[in-house]
Structure formats: structure tokens, C-alpha cells
K.L.:
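Could you have a look at this structure, given as C-alpha cells, before my questions?
Just so you know, these numbers come straight off a predicted model, no measurement behind them.
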Amino acid sequence: MAKAPRTDWDPYAGGCPSRDVLDRIGDKWTVLVLGELANSGAKRYTALRRRLDGVSEKMLTQTLRALERDGLVRRTIHPEIPPRVEYELTELGVTLRGPLLALTDWSMRHMNEVLEARAAYDQGKEASHASAG
């Protein structure tokens, strides 16, 4: 008889592995890699790197390996010369499309408000530092 999966994971408890998953999913490069693979399907490493402006080779490699380890991305090596390697979302990775799309949409829809809040905060910080000095 198969053992029932645990359902009592608590990311607020120290040492809970669900916290690691949230850290992975919330990482800037993870969000962008998963988003790009969700939008375009399977992609080669170089195409991903071109699309993700600013990511270093090292960071993209680390991100892809971690996503593969977590079962969110599949790496396929095609037996060609030279070998062609592609990355795509797994079935589990596809389940993140909705939440990631919602975050992306939210960030684009509310960017002006965030920029205004930052400017007001920064202006308040400058004023408080000037009066403290």
C-alpha cells in the first residue's frame, strides 16, 4: 500500500523543505527562465541566455540545474553533431504558469505605482537625513 503524501508542510517553520522551494520559485532568474519556457516552449541554452538580458552564463547554468533537480525543467540532449541541448518545462513546471503569469502581470500593471512609492520613500529618506544632520 502506497504511503499518503505529506500535507503538513510549513514554509514558516525553519528547516522545512517547502521554504527551499519558495526560495527557488521566488528567485529572479527562476521566474524569468520559467516564464520564458512557459511562453515559448523548449529552448536552447543560447536562446535562453539571449532572451534573459543580464544573466551570466554561471547564473543561468546554476538556475537551470536547480530547476532540473526540482523537477520543474527537463534537459534533453539530442544526439546530433554537435549535440543539441534543449530545456523545457516538465508537467510539474507547467503548473507554475498561472502563478508566474499572475506575478508578471501584476508587476507590469502596478509598476508606475511602485515607482511612485519608491520616489516618495527616497524623497522622505533624503529629507529625514538632511534634518538629522
Side-chain angles (χ1 to χ4, degrees):
M1 183 147 121
K3 187 176 176 181
R6 279 184 61 179
T7 58
D8 62 338
W9 301 110
D10 181 4
Y12 297 97
C16 182
S18 64
R19 187 179 285 186
D20 293 336
V21 173
L22 284 176
D23 286 345
R24 167 76 47 231
I25 294 168
D27 174 74
K28 168 175 74 171
W29 296 116
T30 295
V31 169
L32 295 174
V33 166
L34 292 176
E36 180 58 21
L37 293 176
N39 290 335
S40 64
K43 273 211 156 162
R44 295 178 75 165
Y45 179 91
T46 52
L48 270 173
R49 181 133 189 264
R50 267 194 308 272
R51 179 69 176 125
L52 304 177
D53 189 30
V55 70
S56 68
E57 285 187 34
K58 179 181 178 184
M59 185 52 64
L60 181 55
T61 298
Q62 288 176 349
T63 301
L64 287 167
R65 283 184 183 155
L67 291 170
E68 186 179 8
R69 181 175 183 249
D70 287 343
L72 302 172
V73 167
R74 178 180 307 108
R75 180 177 185 257
T76 303
I77 303 171
H78 299 276
E80 302 170 357
I81 298 178
R84 181 170 48 100
V85 179
E86 288 184 324
Y87 297 89
E88 63 186 324
L89 295 181
T90 62
E91 201 172 304
L92 181 61
V94 169
T95 65
L96 284 169
R97 269 183 97 171
L100 290 175
L101 182 59
L103 285 171
T104 302
D105 287 347
W106 184 92
S107 70
M108 292 186 300
R109 196 169 40 253
H110 296 284
M111 196 65 239
N112 288 330
E113 294 164 85
V114 170
L115 291 174
E116 289 170 9
R118 287 179 182 176
Y121 178 88
D122 292 346
Q123 190 174 31
K125 281 290 200 190
E126 289 172 16
S128 71
H129 285 292
S131 65

K.L.:
Holding to side-chain hydrogen bond (donor to acceptor under 3.5 Å, both in side chains), I want the full list of residues that pass it with R50, two or more places apart in sequence or in another chain.
P.N.:
none
K.L.:
Is the backbone of P79 close enough, under 3.5 Å, to the side chain of R84 for a donor and an acceptor to pair up by distance?
P.N.:
no
K.L.:
Suppose we screen for salt bridge (charged side-chain N to carboxylate O under 4.0 Å, His left out). Which residues come up paired with R97, at least two apart in sequence or across chains?
P.N.:
none
K.L.:
Using the side-chain hydrogen bond (donor to acceptor under 3.5 Å, both in side chains) rule, pick out the option among H78, R44, R74, R75 that qualifies with E86.
P.N.:
H78
K.L.:
Hey, could you give me the OG1/CD distance between T90 and E68, rounded to the nearest 0.5 Å?
P.N.:
10.0 Å
K.L.:
Residues in salt bridge (charged side-chain N to carboxylate O under 4.0 Å, His left out) with D122, at least two apart?
P.N.:
none
K.L.:
How long is the straight-line distance from OH of Y87 back to OG1 of T63, given to the nearest 0.5 Å?
P.N.:
11.0 Å
K.L.:
Given the rule in the side-chain contact (heavy atoms from CB on, under 4.5 Å) test, do L72 and T30 qualify, once you have shown the distances and angles that lead to the verdict?
P.N.:
CA-CA 10 Å; L72 302 172; T30 295; 5.7 Å; no
K.L.:
If you round to the nearest 0.5 Å, how far is CG of L103 from CE of M108?
P.N.:
11.0 Å
K.L.:
List, by chain and number, the other hydrophobic cluster members for W9, where Ile, Leu, Val, Met, Phe, Trp and Tyr join if side-chain heavy atoms come within less than 4.5 Å, directly or indirectly.
P.N.:
none
K.L.:
Of all residues at least two apart in sequence or in a different chain, which pass the salt bridge (charged side-chain N to carboxylate O under 4.0 Å, His left out) check with E91?
P.N.:
none
K.L.:
So, using salt bridge (charged side-chain N to carboxylate O under 4.0 Å, His left out) as the criterion, who are the partners of D20 when residues are at least two apart?
P.N.:
none
K.L.:
Within this structure, what is the CG-OG1 distance for the pair N39 and T104, rounded to the nearest 0.5 Å?
P.N.:
8.0 Å
K.L.:
First locate atom CG of L89, then atom CG of L34, and finally report the distance between them rounded to the nearest 0.5 Å.
P.N.:
6.0 Å
K.L.:
Tell me, yes or no, whether the heavy-atom count around R65 atom CZ, taken from other residues, nucleotides or ligands under 6.0 Å, exceeds 12.
P.N.:
no
K.L.:
Look up atom CD1 in I25 and atom CG in L100, then write down how far apart they are to the nearest 0.5 Å.
P.N.:
7.5 Å
K.L.:
So for atom CG, which belongs to D8, do other residues, nucleotides or ligands contribute more than 12 heavy atoms lying within a distance under 6.0 Å?
P.N.:
yes
K.L.:
Does L32 have any side chain to side chain contact (heavy atoms under 4.5 Å, CB included) partners at least two apart in sequence or in another chain, and if so, which?
P.N.:
K28, W29, L52
K.L.:
List for me each residue that meets side-chain hydrogen bond (donor to acceptor under 3.5 Å, both in side chains) alongside E36, sequence neighbours excluded, and say none if there are none.
P.N.:
S40, K43, R51
K.L.:
List in chain and number order the residues that pass side-chain hydrogen bond (donor to acceptor under 3.5 Å, both in side chains) with R109, two or more places apart in sequence or in another chain; answer none if no residue qualifies.
P.N.:
none
K.L.:
With E57, which residues qualify under side-chain hydrogen bond (donor to acceptor under 3.5 Å, both in side chains), at least two apart?
P.N.:
R49
K.L.:
Could you work out the complete set of other residues in the hydrophobic cluster of L115, with links drawn between I, L, V, M, F, W and Y side chains under 4.5 Å apart?
P.N.:
W106, M111, V114
K.L.:
Heavy-atom count around R69 CZ within 6.0 Å, excluding the residue itself: above 12?
P.N.:
no
K.L.:
Would you please name every residue forming a side chain to side chain contact (heavy atoms under 4.5 Å, CB included) with T7, sequence neighbours left out?
P.N.:
none
K.L.:
With a 6.0 Å cut-off (strictly less than), is the heavy-atom count around CD of E80, excluding the residue itself, greater than 12?
P.N.:
yes
